[in-house]
**Student:** 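One structure follows; several queries about it will come next.
Throughout, protein chains are lettered first and strands after them, A, B, ... in sequence-line order, and every chain is numbered starting at 1.
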Amino acid sequence: MKNHTHAVSTDRANWTVLLILLLLTTLSVLAIKLQVGAFTVALALLLASVKVTIVLTYFMHLKFEQTILRVMVGGVFLLFAIVIGITFIDYLFR
Amino acid sequence: MTYTSSEPLNYLNHKTGLWSWLTSSDHKRIGLLYLYAITIFFCAAAILGLLMRIEKMAPGQTIMTAQTYNGMFTIHGIIMIFIVVIPGLAAVFGNIFLPIMIGARDVAFPKLNLFSWYIYIFGAILGLYSQFANGHSPDTGWTFYVPYSAEASSNVVIALTAAFVLGFSSILTGLNFIVTIHRMRAPGMTWFRMPLFPWSLYATAWIQILATPIIGITLLMVMAERLFHIGFFDPALGGDPVLYQHLFWIYSHPAVYVMILPAMGVVTEIFPTFSQKPVFGYVPIVFSSLAIALVGYFVWGHHMFTSGMSYESRWFFSLLTFIVAIPSAIKVFNWLSTMYGGSVDLKPPLLYAISFIFLFTIGGFTGLALGSLATNIQLHNTDFVVAHFHYIIFGGMGFGFFAGIHYWFPKIYGRMYNFKWAYISWGFLFTGFNLLYFPLFVIGIQGMPRRYFDYDPKFQTGEFLSTIGAFILIAGLAGMISNLVYHARKGPKAEANPWHGVTLEWQVPSPPPHENFDEIPVITHEPYLFDKPATK
Amino acid sequence: METLFNQGSNLAGGVDRAFIFIFSIAIFFTVGITALMIYILVHYSRKKNKNPQQFSGNTKLEIAWTVIPLIIVLVMFYLGWSGFAPMRKVPADAMQVKVIGRMWTWDFDYGNGKISKELVVPYQKDVKLNLFSADVNHSLFIPAFRVKEDVIPGYNNYLWFRPIKKGTFDIYCSEYCGLAHSGMVAKVVVMDSLEFKGWLANLKATGNQPEHPGLALLKSNTCLTCHSLDGSKIVGPSFKGLFGRKSTVVTDAGEKEIVADEAYIRRSIEEPNAEVVKGYMKGLMQPYKGKISEADLNTIVDFFKSENAKQ
Amino acid sequence: MSTNPHAHENLIDSDTGKMGMWLFLFTELFLFGGLFLVYAVMRTKYAADFHHAALELNAFVGATNTVALLFSSMTVAMSLTAIQQQKSGKAIGLIFITLLLAGVFMVNKYFEWGHKFSLHLYPGSDVMKTLPHGEIVFFGLYFMMTGLHAVHVLIGGILLTLVMFKIGSGKIRHDHFLMHENSALYWHLVDLIWIFIFPLLYLIT
Ligand code: HEA
Ligand code: HEA
Ligand code: CUA
Ligand SMILES: [Cu+2]
């Protein structure tokens, strides 16, 4: 087995990550309840994206992985965003 | 190499019996399993194609009812697209040669590889079954457009499941190839020392894994629509039929590049070998493959120009469609320059490869006529489209495949086919092909719609010529297939490197031994150097 | 190339300009590439040229054959776009016709209940067609006019043109819509304005008559996919003259003669495979027992009766 | 009947195996991606209806499930740490907690769906037919998204159960835990998708 660098994340670190995630969840629920105007949806999605990034980086260990994997994951999300964007060129201009 | 016995052990004979084939995780054997399955399905669908041509010889009903005809082009399209050409080249030649060409003993996940073959067979059989189950075949066209496909009282759900299952097999193959290329290259084989066929497979594999899931979920939604009346696409329930078309083409346009990219990879191997000259423009060819894969992902809307899309997205998609033609152009010019100044030997593989260029150019330029907004209005859903994609799929991917099989045949079987026989079959194939599809361009421009069982007598000349072409084509195909099938067992023994190729597959014995290499080779320079040995 | 130069509408010119440019380029390159290949095969054949040159790239050439095709395709794009742009800009005073596509006929609704089976339009006047579908996707295609737009349920797509030639031209349905897709054809007739006015005035207002509710049920249950109203045979026997018709049916017990009365029609809908009309296949029509309510069945039978009474 | 002298599992090193898993996860992302795309389009078309229909959903249940999944994601991550530190017992315990949390999720889901069915809010029902178009589409999406997600929870649960037994029998060890790692990745993906589903379905305004 070559280049095996498994950084082991401590339990403490895992708890911290969880706490942050729970906090963000609470935030998004609150944001909805408080109705921060036109940006509510954007905010909810933004918070979700932050959460997803955290899960990817820490729980899924992307932080410690080969660079190529990080590039791939980034690329895949970008690709999906572009596809949605292009579809909306149709729907927004009808 | 130390093989001395008269029949050296190789991947074909080191174990025998049907069972040893059906359970083998050897990439070469799996490749052959795909080859045999695909050939059978191809012949089945081709015969349907012929029957359709006979039906269209004259206006009105000739040999079948409208119902049968509609079912027939549907199943012809489904088999050809989902069962033959999408898996086709990658699964056959990719499996057999990818590991050898990058100096590996096998793919990254051999068992998964065998598993994808079984999924493929399961999907394919399901696809055929959908044709016969309950006494009538699905008749939606291979595009399954809603709302018709959500209402038509036929075996659409089975056909959808088949396409779904086949997609899964395609994903697993693509996944396997990407990991193989990333992790299993021989020592010294940097990315830019990798031959171009593996490069084209790499680009293809990304499309396979990133586009196929979209069709998967789309087909699931159509099934849910049919089974539970969910209403994603049914306007009566608030659904949106045009959204279906978006989803369908988000997959199916990139899928056309899944068909053509490996074929381009194959001919890119053939030109240097038969000119004994390095590939011209290695780096541009690599990047054009990647560019086709990437930009090809964003042009799906060109299938929907008349669907009432917004004006903005129409011109946007049209513009991108034109951009995606550029990498193809780059490739064509590089192939020509590869031959230029070489020592060109017109053996059957090269003959097929240059026919590929000719037919692909015609198919590609008619693609441009379709991609242009004004002309698309006239041509959309006419026989012009039918001619375009037969030229580019059959003429491109098909002839690429034929080129590949003639090129690698001696490596796969260790025997040689008959050249004269091959040239004559080519003559019939090529003539028949052009006679079959060229008239469709003409009547397409005049307005003959596709998927028409019956037609206006003014189109008859074209339709009739086309049918004659189909008969000539058959003769060629039958000749080619029988030449290969016969000589696979009975042909004279071939040398290990009959064409003097320099990529790794030509450095191993023919047929290759079970684990390809006694010793994993060490690569010291770029591929395609005809004045240096490939490995140290 | 009859159609290519048969320009029936004001929009055809722009389309054909793009055609001519694209095809000229295509022919030029295809012929050029083929000629080059033949030249290479002859001139550099292995017999003549034993020593292949070993060059493997040229940056200037690569740039040339990236940039030149790029320019060419941008011109193609421009021509395509400029031929297309006017198609979406409908003149404000265009005459409006509502087009309804349904399996497998076209209806052209001129308003006030005036519905025609032929599209009749005045010469040199702008016409806008508003496209509606009653069931699945269709597409209205007039080759001579170079116009085509899909007719999709739930959407109101449109197209327009100004006829510049008098005469009769074909209309095709160019989106697959089921069994008789290829039969979904009609004609467009271009006539003088005066003549047109006369025609329109004489057009009977059939559309005002309310549709029999039974007919609506036949449509909504997709019966008409397999049964025609005009006597033609599709998958099943035509509904024309059904009520009171004598025919031979095949049952498990053998053949027998029946007269299509109310009870028979009901049986045929609920259990179609028990008595199969001779010459038709068993198992094609699904049993509708439980799928069509009692009241609806009565309405359907009533429709058949009323059709019978008309004749 | 392996014809191969090498047992192939041993040939697959962990980086190779993991890359394969990630690629597979990409396909899963795009599978749900298709649904998200439909969601996005439909939501722009029927913004008001979506809002109204979303009121039918219980944000509290959704939030509980979110917490359950986040929690389980953590326990799985911890179990992976534990196995690397040669604490098999702890690893098994943590996976067991994960499975319990998955159970909580599924039970919640069961009641949630059951409630919808009791209100006749399911595709094809008579009540459904009377709703405005946007709401029909919303509930269609709701059932399809949560249903497909629940299937993934089930698959993930099965994988983790297998992992648990393999740790027990010593087949997964501190120096051989690719399957554990990949199942964990899968489980995180299930969590990740839910992170998007939750605000999109339950928290609409
Ligand atoms: C292998 C499959 C394959 C490939 C590679 C392509 C390649 C292309 N296709 Fe094709 N296409 C199909 C398979 C394929 N297509 C299928 C199956 C359909 C029908 C689906 C259905 O409805 O059933 C279809 C339909 C289709 C349509 C929709 C038609 C319609 O229904 O209205 C369009 C429209 O833009 C299109 C365009 C193109 C273009 C621009 C390319 C380009 O990539 C072509 C690029 C190639 C060249 C341009 C030629 C080579 C270049 C040179 C010789 C150099 C000189 C070049 C210049 C100066 C520009 N195709
Ligand atoms: C790989 C793709 C592929 C290939 C190779 C072909 C090959 C052929 N196709 Fe293709 N075709 C499609 C893909 C393909 N097709 C698709 C995707 C559609 C669209 C479907 C839709 O609209 O939904 C279509 C639609 C289509 C139509 C249009 C239907 C319509 O719109 O009305 C027609 C009509 O002529 C046709 C004809 C043919 C013919 C004659 C061949 C021939 O080239 C076949 C050549 C082969 C033979 C004639 C026989 C070979 C036989 C032997 C070698 C005998 C030996 C073997 C045994 C005895 C077992 N096809
Ligand atoms: Cu209507 Cu085809
Ligand atoms: Cu396309």
Side-chain angles (χ1 to χ4, degrees), chain B residues 14-15 19-20 22-26 29 105-106 108-112 167-168 171-172 174-176 178-180 182-184 205-206 208-218 220-221 224-225 227-240 242-244 246-247 250-251 514-515, chain D residues 1-9 11-42 44-46 49-50 122-125 128-129 131-145 147-148 151:
Chain B
H14 80 112
K15 279 268 166 88
W19 185 247
S20 79
L22 293 179
T23 55
S24 166
S25 59
D26 180 338
R29 285 192 162 199
R105 291 219 152 90
D106 208 322
F109 309 111
K111 293 222 170 112
L112 190 67
F168 203 60
I171 290 178
L172 293 181
L175 184 155
N176 220 331
I178 296 184
V179 181
T180 307
H182 268 278
R183 312 275 320 159
M184 317 263 295
W206 273 110
Q208 280 176 308
I209 70 165
L210 292 184
T212 319
I214 303 270
I215 189 86
I217 192 71
T218 310
L220 275 185
M221 283 190 261
E225 186 105 0
L227 299 174
F228 312 118
H229 307 286
I230 280 198
F232 296 125
F233 306 127
D234 179 1
L237 296 173
D240 183 344
V242 178
L243 183 57
Y244 169 84
H246 274 294
L247 287 162
I250 289 179
Y251 164 72
H514 173 52
E515 294 239 293
Chain D
M1 243 213 62
S2 172
T3 55
N4 211 304
H6 307 272
H8 272 294
E9 286 88 343
L11 273 180
I12 299 174
D13 73 69
S14 127
D15 280 351
T16 305
K18 245 190 289 176
M19 183 180 278
M21 190 65 199
W22 272 101
L23 292 176
F24 182 70
L25 296 189
F26 295 161
T27 68
E28 293 277 9
L29 278 176
F30 269 77
L31 194 72
F32 280 94
L35 281 173
F36 285 130
L37 180 63
V38 174
Y39 175 92
V41 167
M42 288 307 185
T44 30
K45 274 181 117 166
Y46 300 113
D49 284 352
F50 265 46
Y122 55 88
S125 76
M128 199 71 133
K129 280 188 193 133
L131 293 178
H133 280 169
E135 297 199 23
I136 302 182
V137 174
F138 178 86
F139 283 111
L141 275 167
Y142 164 80
F143 278 105
M144 190 94 183
M145 282 172 140
L148 196 64
V151 171

**Student:** Where do B/I230 and D/I136 come nearest, in terms of heavy atoms and distance?
**Tutor:** O-CG2, 3.8 Å
**Student:** With side chains defined as the heavy atoms from C-beta onward, is the minimum distance between B/I250 and D/L37 less than 4.5 Å?
**Tutor:** yes
**Student:** Pick one of side chain, backbone, both or neither for D/M19, based on which atoms fall under 4.5 Å of a heavy atom in chain B.
**Tutor:** both
**Student:** So which part of D/V38 gets closer than 4.5 Å to some heavy atom of chain B, the side chain, the backbone, both or neither?
**Tutor:** both
**Student:** Give a yes or no on whether B/F228 atom CZ has more than 12 heavy-atom contacts from other residues, nucleotides or ligands under 6.0 Å away.
**Tutor:** no
**Student:** Highest number of heavy-atom pairs under 4.5 Å with chain D: which of B/W206, B/Y244, B/Y251?
**Tutor:** B/W206
**Student:** Given the options B/I217, B/T180, B/L247, which has more heavy-atom pairs under 4.5 Å with chain D than any of the others?
**Tutor:** B/I217
**Student:** How many angstroms lie between atom CZ of B/F168 and atom OG1 of D/T27, to the nearest 0.5 angstrom?
**Tutor:** 7.0 Å
**Student:** Working to the nearest 0.5 Å, report the span between CD1 of B/I171 and CG of D/L31.
**Tutor:** 8.0 Å
**Student:** Looking only at heavy atoms and a cut-off of under 4.5 Å, which of D/F24, D/F32, D/F139 has the most pairs with chain B?
**Tutor:** D/F24
**Student:** For B/A224 and D/M144, which heavy atoms make the closest approach, and how far apart are they?
**Tutor:** CB-SD, 3.9 Å
**Student:** D/V137 and B/D240: side chain to side chain contact (heavy atoms under 4.5 Å, CB included), yes or no, with the steps?
**Tutor:** CA-CA 10 Å; D/V137 174; B/D240 183 344; over 6 Å; no
**Student:** Please classify the contact of B/A236 with chain D as side chain, backbone, both or neither, using a heavy-atom distance under 4.5 Å.
**Tutor:** backbone
**Student:** Does any part of the side chain of B/M221, heavy atoms only, come nearer than 4.5 Å to the side chain of D/L35, both counted from C-beta?
**Tutor:** yes
**Student:** Start with the C-alpha distance between B/H182 and D/T16, add both sets of side-chain angles, then the distance that settles side chain to side chain contact (heavy atoms under 4.5 Å, CB included), and finish with yes or no.
**Tutor:** CA-CA 8 Å; B/H182 268 278; D/T16 305; over 6 Å; no
**Student:** For D/F26 versus B/L210, what's the shortest heavy-atom pair and its separation?
**Tutor:** CB-CD2, 4.0 Å
**Student:** Which region of B/L237, side chain (C-beta onward) or backbone (N, CA, C, O), has a non-hydrogen atom less than 4.5 Å from a non-hydrogen atom of chain D, or is it both or neither?
**Tutor:** both
**Student:** Is it the backbone or the side chain of D/Y46 that comes under 4.5 Å from a heavy atom of chain B, or both, or neither?
**Tutor:** side chain
**Student:** Relative to chain B, which segment of D/L29 carries a heavy atom at a distance below 4.5 Å: side chain, backbone, both, or neither?
**Tutor:** neither
**Student:** Quick one: which of B/L112, B/L175, B/I214 has the most heavy-atom pairs under 4.5 Å with chain D, could you say?
**Tutor:** B/L175
